[in-house]
A.B. asks: 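After the structure tokens below, expect a handful of questions from me.
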There are 2 protein chains.
Amino acid sequence: MAEALEGRRSTRRTATLASLAAELGVSRTTVSNAYNRPDQLSPALRRRVLDTARRLGYPGPDPVARSLRTRKAGAVGLLLTEALSYAFRDPVAIQFLEGLALACEDNGSGLLLVPVSPEAEDVGAVARAGVDGFVVYSMPDDDEHFAAVLERPVPVVVCDQPTDVPDVDRVGIDDQAAMVELAEHLAGLGHRQVGVLCMRLSTDRNDGFASVSRQDHARYEVQRRRLAGLRDGFTAAGVDWGGVPVVERFDHTEAAGANAFDQLVERHPDVTAVVCTSDILALGALRGARAAGRDVPGDLTITGFDGVPAAERAGLTTVRQPSLDKGRAAGELLLDRGDRQRSRTLLLPTELMVRATSGPPAR
Amino acid sequence: MAEALEGRRSTRRTATLASLAAELGVSRTTVSNAYNRPDQLSPALRRRVLDTARRLGYPGPDPVARSLRTRKAGAVGLLLTEALSYAFRDPVAIQFLEGLALACEDNGSGLLLVPVSPEAEDVGAVARAGVDGFVVYSMPDDDEHFAAVLERPVPVVVCDQPTDVPDVDRVGIDDQAAMVELAEHLAGLGHRQVGVLCMRLSTDRNDGFASVSRQDHARYEVQRRRLAGLRDGFTAAGVDWGGVPVVERFDHTEAAGANAFDQLVERHPDVTAVVCTSDILALGALRGARAAGRDVPGDLTITGFDGVPAAERAGLTTVRQPSLDKGRAAGELLLDRGDRQRSRTLLLPTELMVRATSGPPAR
DNA sequence: GTGAAAGCGCTAACAG
DNA sequence: CTGTTAGCGCTTTCAC
């Protein structure tokens with residue numbers, strides 16, 4: 001792969017620490033000290049070492065050799081659900097990344113984005129990553145890449161899912177409780193005919209209605225729990241969950257949200273509230289609803305989940321979760337680990353944001 | 001720094017390839033082959049090796065040791081102007097990152113975000129990064145981190161700035177020509193009283209008016225060239241550039257754009273057009289203008305630069321640049337380098353997007 | 001299909 | 001303040 005990296009610059013065969021030492025007539029230790037422990041040698045000698053290094057074109061200690069010797073890479077690996085580039089398209093992931101980057105820079109650690117091939121086939125990238133630990137962002141159950149991470153003898157912190165992995169710290173939110181709260185809000189408003197739009201429940205594509213069984217066996221724990229929260233909340237209000245239509249979309253885009261909305265209302269024109277398990281889907285649904293001439297919230301209630309900036313601009317009723325804090329906490333959990341023995345789970349607070357897209361059902 | 005990473009998992013002292021070989025009674029080569037060249041040994045033996053590895057808890061070849069031996073890290077380093085986390089706050093940087101990530105994942109390379117300390121003091125992070133090459137995103141002239149990158153004997157690709165670095169490939173746009181085109185558009189509309197809002201011109205904070213001398217000596221080449229383009233374009237239309245107020249802001253936020261706008265119009269209430277060197281600043285200016293009761297574009301023209309999604313939503317007249325393509329091209333330039341001898345510069349096209357915030361001056 | 005030899009380039013005791 | 005000693009864990013010709 002990287003054999004392509006043979007430019008002019010890399011061709012410049014460089015001197016090594018040993019050759020520099022030989023040239024100077026000092027020991028390797030001295031040269032090493034000149035770089036790593038300036039206080040261990042006289043300023044004059046240090047200057048001479050550094051000057052000679054410059055003259056010989058010695059670029060300083062090789063980072064990989066140093067890592068091998070010191071047993072630390074100075075970097076945190078990040079494993080993401082989707083292809084690497086997806087991280088930069090999803091506003092929630094971006095906020096998470098920002099928080100994680102903050103923790104890394106506080107610590108002087110690099111952040112290595114591990115390239116997981118789209119087809120999730122080559123687990124090798126995980127095995128090849130020179131890192132001191134991994135942060136894993138929202139992986140489905142039974143993911144091979146995640147399994148590969150667990151093979152590595154380094155600490156791991158998971159964000160969101162999967163939960164309950166032995167010896168692994170986790171940071172997340174209480175997805176289920178957050179959705180119960182939202183359901184109560186909606187039920188309190190009087191909604192009984194509801195429909196749901198959710199993200200993918202499995203790694204196999206299913207763009208359409210999801211049965212209760214499929215919901216219960218979703219490989220994405222976060223979606224599973226959000227749906228479970230809705231079920232609990234609405235069931236408590238007397239709604240028969242088995243009769244609640246749930247439309248699933250594999251792609252997480254506004255367009256997907258919009259056409260999922262269309263699919264939902266075509267079959268269930270009577271719903272008074274459309275609950276979406278993400279803001280992106282909700283924003284799409286909102287667009288779809290308006291395109292269909294529906295008045296939100298007068299005629300129809302639509303809600304999201306996440307609390308992204310665009311949701312705020314759109315006045316979307318949603319559940320806000322602290323994505324940036326999750327990233328920072330994940331980084332800190334990984335980096336600042338003291339003598340902690342047991343693995344721990346950090347649950348961050350969520351907040352129901354009642355805004356302008358929810359109201360009582362039209363009568 | 002990373003000594004903190006001593007969790008339970010990392011404590012599990014792992015077997016090495018050598019100890020595995022000893023246990024199996026085969027040579028290290030054989031074990032190595034079992035992992036790296038499955039075709040070099042019998043399936044039966046390979047199975048035995050892998051099984052024993054599992055039993056002994058051998059996690060597979062150590063990536064750092066392998067990198068030392070093979071002389072490749074399997075990762076690209078990314079150096080950014082600002083603190084690492086800033087990258088996730090700037091929509092242009094995010095798009096660039098997405099493109100770069102795309103190129104990396106195509107190549108199976110990791111992407112290492114190098115932690116540059118906010119105070120830009122410790123250049124060590126660059127020296128310590130185990131990477132096969134660097135992509136440098138928009139650095140000021142004479143930056144120490146960039147200098148440290150050039151010390152490393154690996155290929156380097158610069159995006160945007162600085163230009164004209166020997167032996168370094170570059171991808172960018174023609175900032176100056178793009179701005180000439182915008183100036184011509186505005187001059188063609190009839191604007192002669194213009195004001196400018198620009199990003200930081202130097203690493204020292206100057207939130208206020210920038211003299212022509214300061215403009216000409218800006219350490220940020222991109223800003224320098226955009227201003228030069230405006231100067232050329234407006235001068236050609238008969239405007240005395242020396243009389244054109246240029247307000248500089250260190251922070252790149254909408255809030256900064258809004259108050260820069262206020263500062264500009266307070267001193268120069270007669271301007272009919274406010275040209276901003278970025279969309280973020282322009283969006284802020286737009287907000288400031290509306291807060292001040294100005295009608296855009298009826299009463300005042302405002303333009304941006306970059307073509308971010310928010311600018312499109314706002315109907316902002318701007319210059320679109322292909323940020324994602326820049327990222328991808330930078331990655332490809334670094335990764336796909338054939339036998340190329342000379343360094344090359346790739347200039348991508350820009351496009352003037354005339355939308356709803358520019359019009360003829362009020363009369 | 002398998003093994004022996006030879007480092008990759010560096011750092012960390014520890015002794016002087 | 002400087003040098004000696006000993007690897008860190010792995011891959012890769014090149015014979016057998």
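In what follows, every chain begins at residue 1, and chains take the letters A, B, ... in the order their sequences are listed.
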A.B. asks: Remember a base hit wins even if backbone is also touched, and classify A:Tyr58 as base, sugar-phosphate or nothing at under 4.0 Å, heavy atoms.
C.D. replies: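 Sugar-phosphate, backbone atoms only, no base.
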A.B. asks: Can a side chain N or O of A:Arg66 be found less than 4.0 Å away from OP1 or OP2 on C:dC10?
C.D. replies: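 No, outside the criterion.
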A.B. asks: Please report the distance, rounded to the nearest Å, between NZ in B:Lys72 and P in C:dC8.
C.D. replies: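 Atom NZ in B:Lys72 sits about 16 Å away from atom P in C:dC8.
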A.B. asks: C:dG9, D:dT12, D:dG9: which one has an atom nearest the side-chain heavy atoms of B:Arg71?
C.D. replies: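 That would be C:dG9.
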A.B. asks: Between A:Arg128 (CZ) and D:dC10 (C1'), how many Å, whole number?
C.D. replies: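 Computing the A:Arg128:CZ to D:dC10:C1' distance gives 15 Å.
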A.B. asks: Counting side-chain heavy atoms from CB outward, which of C:dA12, D:dG9, D:dT11 is closest to A:Thr70?
C.D. replies: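 That would be C:dA12.
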A.B. asks: B:Glu23 has an atom CD; how far is it from atom C1' of D:dG9, in whole Å?
C.D. replies: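 Between C1' of D:dG9 and CD of B:Glu23: 18 Å.
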A.B. asks: Roughly how far apart are A:Cys159 SG and A:Tyr137 OH, rounded to 0.5 Å?
C.D. replies: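 One finds 6.0 Å between SG of A:Cys159 and OH of A:Tyr137.
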A.B. asks: Testing B:Leu50, B:Asp51, B:Leu45 one by one against B:Arg48 for a side-chain contact (heavy atoms from CB on, under 4.5 Å), which residue passes?
C.D. replies: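 Only match with B:Arg48 under side-chain contact (heavy atoms from CB on, under 4.5 Å): B:Leu45.
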A.B. asks: Without decimals, in angstroms, what is the distance between B:Asp62 CG and D:dT11 C1'?
C.D. replies: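 Rounded to whole Å, this separation is 13 Å.
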A.B. asks: Using a distance-only test with no angle check, is there a side-chain donor-acceptor pair under 3.5 angstrom linking A:Arg46 and A:Ser42?
C.D. replies: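 Judged by distance alone, the side chains do not pair up.
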A.B. asks: Would you kindly give the CG-to-P distance between B:Leu17 and D:dT11, to the nearest whole Å?
C.D. replies: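 One finds 6 Å between P of D:dT11 and CG of B:Leu17, rounded.
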A.B. asks: Would you tabulate the pairs of protein nitrogen or oxygen atoms and nucleotide nitrogen or oxygen atoms of nucleotides 1-5 of chain C closer than 3.5 angstrom?
C.D. replies:
{"from": "C:dG1", "atom 1": "OP2", "to": "B:Asp39", "atom 2": "O", "distance (Å)": "3.1"}
{"from": "C:dG3", "atom 1": "OP2", "to": "B:Ser27", "atom 2": "N", "distance (Å)": "3.0"}
{"from": "C:dG3", "atom 1": "OP2", "to": "B:Thr30", "atom 2": "OG1", "distance (Å)": "2.7"}
{"from": "C:dA4", "atom 1": "N6", "to": "B:Thr29", "atom 2": "OG1", "distance (Å)": "2.8"}

A.B. asks: Quick one: do A:Asp164 and A:Arg170 satisfy salt bridge (charged side-chain N to carboxylate O under 4.0 Å, His left out)? Show the steps, please.
C.D. replies: CA-CA 8 Å; A:Asp164 301 325; A:Arg170 186 173 79 92; over 6 Å; no
A.B. asks: Can you confirm whether A:Asp169 sits close enough to A:Val156 that some side-chain heavy atom of one is under 4.5 Å from a side-chain heavy atom of the other?
C.D. replies: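 No, their side chains stay 4.5 Å or more apart.
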A.B. asks: Quick one: label A:Arg37 by what it contacts on the DNA or RNA (base, sugar-phosphate, nothing), any heavy atom closer than 4.0 Å.
C.D. replies: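 Sugar-phosphate: the residue A:Arg37, judged by heavy atoms under 4.0 Å, touches backbone atoms but no base.
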A.B. asks: Taking C-beta and beyond as the side chain, do A:Pro162 and A:Met139 meet within less than 4.5 Å on heavy atoms?
C.D. replies: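 With C-beta onward as the side chain, the pair touches.
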A.B. asks: Could you tell me how far apart B:Leu68 (CG) and C:dG9 (C1') are, to the nearest whole angstrom?
C.D. replies: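 The answer, rounded to whole Å, is 6 Å.
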A.B. asks: Side-chain donor-acceptor pair under 3.5 Å between B:Glu98 and A:Ser85, yes or no?
C.D. replies: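 The criterion, which ignores hydrogens and geometry beyond distance, is not satisfied for A:Ser85 and B:Glu98.
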A.B. asks: In whole angstroms, how far is the P atom of D:dT12 from the OH atom of B:Tyr35?
C.D. replies: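 Computing the B:Tyr35:OH to D:dT12:P distance gives 16 Å.
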